[in-house]
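Keep in mind that what you see is a predicted model, and the values were worked out from it rather than measured.
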Amino acid sequence: MVGEEGAFVLGWDEVLTEEELSTTLKVLCMSEEEFKEYKEQDGWEDDSDEEENSTLSNEALSRLKTPCKKLLYDSVLLTLESYGADLKAEQDLLNNKEAYEKLSRREQQALHVRYGQKRILHQLLELVQ
């Protein structure tokens, strides 16, 4: 369901791998009975029109059912824990010109990427609280 990378891709305004995330959330939030029915039907053939017309925008994420929001929230927290430093530490380093300039060009670029990723994850936390 998740694809080769085992991760979902989030942007500032929406989920870029929305089909994978939507299906994964549906399956993981199912009761045992619902999952049995899902397996017997080989998925949701009847829901294809509904899924094509829905996108997982930030607004849609904030309207998810509580179990799905909780699952996303907990997943984001685990992802944030996997980083060595928190968002504030990254921001402080970006704002400290002297310390920033001591970093190699590659380290500076990595810092910008990590900071951007963390900002998106923190935004997602706010959406699904």
Check your understanding: Is Ser22 reaching over with its side chain to a backbone N or O of Glu19, donor-acceptor style, under 3.5 angstrom?
Key -> no
**Study point:** CD-CG distance between Glu126 and Leu121, expressed to the nearest 0.5 angstrom
**Key:** 12.0 Å
Review point. How far apart are the closest heavy atoms of Glu59 and Ser62, and which atoms are they?
Key: O-OG, 2.7 Å
Practice item. Check whether any side-chain N or O of Asn95 sits under 3.5 Å from a backbone N or O of Gln91 as a donor-acceptor pair, and report yes or no. Key: yes
Practice item. For Thr17 and Val9, indicate whether the former's side chain and the latter's backbone hold a donor-acceptor pair under 3.5 Å. Key: yes
Exercise for review: Taking all non-hydrogen atoms of both residues into account, name the closest pair between Gln108 and Glu101 and its distance.
Suggested key: NE2-CA, 3.9 Å
Point to revise | Taking every non-hydrogen atom, the tightest pair across Trp12 and Gln123 | key: O-NE2, 2.7 Å
Study note, to complete from the structure: What one should report as the nearest heavy-atom pair of Gly11 and Ile120 is O-CG2, 4.0 Å
Practice item. Give the cluster check for Tyr83 versus Leu94: same hydrophobic cluster or not, with ILVMFWY residues linked at side-chain heavy-atom distances below 4.5 Å. Key: no
Practice item. Decide yes or no for His122 and Val76: does some side-chain heavy atom of the first lie under 4.5 Å from some side-chain heavy atom of the second? Key: no
Point to revise | Euclidean distance, Leu21 CG relative to Ser75 OG, rounded to 0.5 Å | key: 9.0 Å
Check your understanding: Testing Leu124, Leu10, Leu127 for side chain to side chain contact (heavy atoms under 4.5 Å, CB included) with Asn58, which one passes?
Key -> Leu127
Check your understanding: To the nearest 0.5 Å, how far apart are CG in Leu72 and CG in Leu25?
Key -> 5.0 Å
Check your understanding: Within a strict 4.5 Å, meaning less than it, do heavy atoms of the Leu93 and Tyr115 side chains meet?
Key -> no
Review point. Between the main-chain N or O of Glu34 and the side-chain N or O of Glu37, is there a donor-acceptor pair closer than 3.5 Å?
Key: no
Practice item. Enter the distance from Leu61:CG to Glu18:CD here, rounded to the nearest 0.5 Å. Key: 9.5 Å
Check your understanding: Looking at CD of Gln117 and CG of Leu87, how far apart are the two atoms once the value is rounded to the nearest 0.5 Å?
Key -> 11.5 Å
Revision key, fill the gap. Taking every heavy atom of Arg114 against every heavy atom of Glu90, the minimum-distance pair comes out as NE-OE2, 2.8 Å
Point to revise | Side chains of Val113 and Gln109 in contact at under 4.5 Å (non-hydrogen atoms) | key: no
Point to revise | Check against salt bridge (charged side-chain N to carboxylate O under 4.0 Å, His left out), Lys36 and Glu40 | key: CA-CA 6 Å; Lys36 285 179 185 176; Glu40 289 171 5; over 6 Å; no
**Study point:** Non-hydrogen side-chain atoms of Lys70 and Val128 separated by less than 4.5 Å
**Key:** no
Exercise for review: Give, for atom CG of Leu64 and atom NZ of Lys26, the distance between the pair rounded to the nearest 0.5 Å.
Suggested key: 10.5 Å
Exercise for review: Would you confirm whether Lys65, through its side chain, and Cys29, through its main-chain N or O, come within 3.5 Å as a donor-acceptor pair?
Suggested key: no
Exercise for review: Give a yes or no answer on whether the side chain of Thr23 reaches the backbone of Glu20 with a donor-acceptor pair at less than 3.5 Å.
Suggested key: no
